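Below you'll find the structure, written out as structure tokens, and then a few comments.
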Amino acid sequence: MDILPILSTLRRHKVTAFLVIIEIALTCAIVCNAVFLINQRLDRMHMTSGVAEHELLQILFADIGPNKNQKARTEEDLAALRQIPGVIQVSSANQVPFGNSSWNGGIKLDRNQRVSTLNATTYTGENVLQTLGTQLVAGRNLQPDDYMDFDDVVRAASVKDAKGIPKVTVITQSLAQRLWPGQQALGKQIYYADYPMTVVGVVKHLVRPAFTDLATAEFTMVLPMRITQGLYIIRTDPQNRDAVLKAAVAKMKAINPHRVILKQRPWDEVRDNFFQNDRAMAGLLVGVCFALLVVTALGIVGLGSFWVAQRRRQIGVRRALGATRRNILNYFQTENFLLATIGIVLGMVLAYGINLMLMVHYELPRLPAIYFPVGALSLWVIGQLAVLGPAMRAAAVPPVVATRSV
């Protein structure tokens with residue numbers, strides 16, 4: 001079809017055409033970035049934790065009044081919890097994956113570095129890796145002889161006594177690749193708080209309790225320290241979780257009635273709570289995208305209906321001169337395609353500009369190029385479907401009816 005008559009007609013309706021182009025451009029720009037943000041949220045929500053997700057329980061408690069021998073009380077609790085039927089492993093830990101609060105510290109590769117190479121999360125707790133169910137891919141797990149009491153380590157650090165600081169650590173594969181790209185991490189030495197530690201094991205995955213960047217979400221290390229922080233992690237069979245949790249809480253209250261259970265929940269709930277904002281944001285963005293696409297489609301339908309009413313005489317003349325219904329249908333579809341193409345081109349430029357702003361102010365990654373052709377194809381399809389109704393009504397106008405006023 002010759003597009004020159006179409007362009008000539010559009011020049012006589014500049015304002016209307018301009019509004020449609022701007023509507024399509026804004027929709028293209030916002031939807032491309034919104035879909036990108038939705039995918040970012042979904043990637044976060046479905047990321048691998050590295051732990052036995054459906055086998056873990058968390059119990060967080062606080063003592064009422066001072067506890068003069070927390071270490072002995074913790075050992076008593078752990079021994080009692082291990083006796084509960086269905087319990088596979090128990091650990092007193094400082095934190096749990098996706099638990100929001102996070103212990104972090106700088107890691108150096110050389111003691112003389114003035115600035116840390118990176119920041120990593122530190123998990124502590126005897127047998128915490130076994131309890132979490134992490135997958136060891138190289139080296140060994142932490143052994144009983146490696147462990148020190150957390151309070152003793154704190155005292156040693158306060159007087160700069162290196163002998164009282166843990167000598168070994170287990171790190172994640174992601175952290176190992178970042179520190180020594182393409183190299184074997186086992187036997188390598190890092191400096192944590194300026195104290196040397198040797199890497200004796202590497203686990204495949206272990207996510208941080210809190211993070212904002214997926215690239216650093218697994219910068220994690222485990223230090224061999226026994227800790228008494230009021231947090232117990234219990235590993236059990238998935239089908240026994242509710243019964244084990246109930247029995248564990250009852251056992252702890254029986255051992256010491258003078259404490260408050262702050263949280264008692266399966267680890268699935270920990271994960272759900274951590275990602276509730278991501279789910280809400282994804283849902284909101286899906287709603288925004290749907291609303292924009294519906295409004296854009298309705299705008300195209302309204303414009304098409306308006307132009308059909310305005311051009312009844314023109315349609316009649318063309319039909320009288322031999323134009324078929326298909327010719328009229330193709331005319332309106334081509335006209336819509338041209339408007340959509342101009343709007344999409346402008347929208348892509350605007351989408352790129354919005355993404356640059358998000359990169360600068362919110363540290364988001366660059367918008368992948370695949371979003372542009374997918375977004376363009378989607379808007380072309382929506383535009384063609386939206387104009388189909390008005391175009392079919394225009395094609396159905398009989399020549400004799402359309403030309404009565406000529």
Side-chain angles (χ1 to χ4, degrees), residues 51 56-84 87-105 120-134 141-159 161 163-170 192-193 195 197 206 208-210 220-236 244-245 247-265 267 270:
V51 304
L56 300 179
L57 303 170
Q58 179 198 25
I59 299 178
L60 182 67
F61 64 93
D63 290 315
I64 300 176
N67 191 331
K68 296 181 179 180
N69 197 343
Q70 185 64 45
K71 179 181 177 182
R73 181 58 55 83
T74 299
E75 291 175 352
E76 182 183 3
D77 287 342
L78 295 177
L81 293 173
R82 291 188 186 101
Q83 299 303 314
I84 297 175
V87 170
I88 299 173
Q89 187 62 266
V90 182
S91 177
S92 175
N94 65 328
Q95 55 193 358
V96 294
F98 299 136
N100 281 316
S101 61
S102 184
W103 291 25
N104 302 289
T121 286
T122 56
Y123 284 93
T124 65
E126 192 168 14
N127 300 322
V128 67
L129 289 175
Q130 294 90 327
T131 304
L132 290 174
T134 56
N141 248 321
L142 298 174
Q143 304 298 325
D145 293 341
D146 297 325
Y147 283 90
M148 300 178 177
D149 290 338
F150 177 76
D151 293 338
D152 295 338
V153 173
V154 172
R155 282 192 290 268
S158 65
V159 296
D161 179 13
K163 294 181 180 180
I165 306 298
K167 304 299 187 295
V168 297
T169 183
V170 172
Y192 181 75
Y195 293 103
M197 297 180 184
L206 181 56
R208 305 174 80 158
T220 305
M221 59 189 296
V222 183
L223 299 182
M225 293 189 293
R226 303 180 191 90
I227 193 165
T228 56
Q229 289 288 323
L231 170 62
Y232 293 151
I233 304 173
I234 303 173
R235 186 178 178 189
T236 182
V244 169
L245 182 58
V249 172
K251 181 75 69 173
M252 291 180 60
K253 290 182 177 179
I255 293 173
N256 180 12
H258 301 293
R259 58 180 159 191
V260 178
I261 305 298
L262 302 176
K263 292 180 181 178
Q264 46 175 311
R265 55 184 179 176
W267 188 84
V270 177

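The shown structure was predicted, so the numbers you read here are calculated from the model rather than taken from an experiment.
Residues T124 and Q229 fail the side-chain proximity criterion, which asks for heavy atoms closer than 4.5 Å. Residues Q70 and D63 form a side-chain contact, since some pair of their non-hydrogen atoms from C-beta on lies under 4.5 Å apart. At least one side-chain heavy atom of Q95 sits under 4.5 Å from a side-chain heavy atom of Y123. Contact annotation: the side chain of T74 approaches that of Y232 to within less than 4.5 Å [non-hydrogen atoms, C-beta and beyond]. In this structure, N104 and R208 have side chains that are in contact, with non-hydrogen atoms separated by less than 4.5 Å. At a threshold of 4.5 Å between non-hydrogen side-chain atoms, the residues T169 and T122 do not count as touching. V87 has its side chain out of reach of L81: every pair of non-hydrogen atoms, C-beta onward, lies at least 4.5 Å apart. A 4.5 Å side-chain heavy-atom check between D146 and P166 finds every atom pair outside the cut-off.
Summarising the geometry of F61 relative to D77, their closest heavy-atom pair is CZ-OD2, 4.4 Å, with the distance given to 0.1 Å. Contact record, S102 with P209: OG-CD, 3.7 Å, taken as the closest heavy-atom pair. Nearest heavy-atom pair, A62 versus L262, reported as atom, atom and distance to 0.1 Å: CB-CD1, 4.0 Å. For the pair S91 and L78, the tightest heavy-atom approach, listed with the atom from each and the gap, is C-CD2, 4.1 Å. Contact detail for I227 and W103: the closest heavy-atom pair is CD1-CH2, 3.5 Å.
Remark: the backbone N or O of P97 is paired with a side-chain donor or acceptor of W267 at under 3.5 angstrom. Listed for the Y147 side chain is a donor-acceptor partner under 3.5 Å among the backbone atoms of N127. For R235 (side chain) and Q130 (main-chain N/O), a donor-acceptor pair under 3.5 Å exists by modelled atom type. A donor-acceptor pair under 3.5 Å is formed between the side chain of R259 and the backbone N or O of M252.
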Report the C-alpha distance between I59 and L245 in whole Å, list the side-chain angles of each, state the deciding distance to 0.1 Å, and finish with yes or no for side-chain contact (heavy atoms from CB on, under 4.5 Å). CA-CA 8 Å; I59 299 178; L245 182 58; 4.0 Å; yes
Under the side-chain contact (heavy atoms from CB on, under 4.5 Å) rule, what do R155 and V159 come out as? Steps first, then yes or no, please. CA-CA 7 Å; R155 282 192 290 268; V159 296; over 6 Å; no
Kindly indicate, with the supporting measurements, whether the criterion side-chain contact (heavy atoms from CB on, under 4.5 Å) is fulfilled by I165 and M197. CA-CA 9 Å; I165 306 298; M197 297 180 184; 4.0 Å; yes
Show the numbers, then the answer: is there a side-chain contact (heavy atoms from CB on, under 4.5 Å) between M225 and E126? CA-CA 6 Å; M225 293 189 293; E126 192 168 14; over 6 Å; no
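Atom CG of L206 sits about 9.0 Å away from atom OG1 of T121, to the nearest 0.5 Å. To the nearest 0.5 Å, the span separating CG on D151 from CG on D149 amounts to 7.0 Å. Here OG1 of T228 is found 12.0 Å from CZ of R73. Values are rounded to the nearest 0.5 Å. To the nearest 0.5 angstrom, K251 atom NZ is 10.5 Å from E76 atom CD. Here the CG atom belonging to L60 is positioned 8.5 Å from the CD1 atom belonging to I261, to the nearest 0.5 angstrom.
Note on D152 versus K71: no salt bridge recorded, every NZ/NE/NH1/NH2 to OD/OE distance being 4.0 Å or above.
Screening L132, L56, T131 for a side-chain contact (heavy atoms from CB on, under 4.5 Å) with Q89, the sole residue that qualifies is T131.
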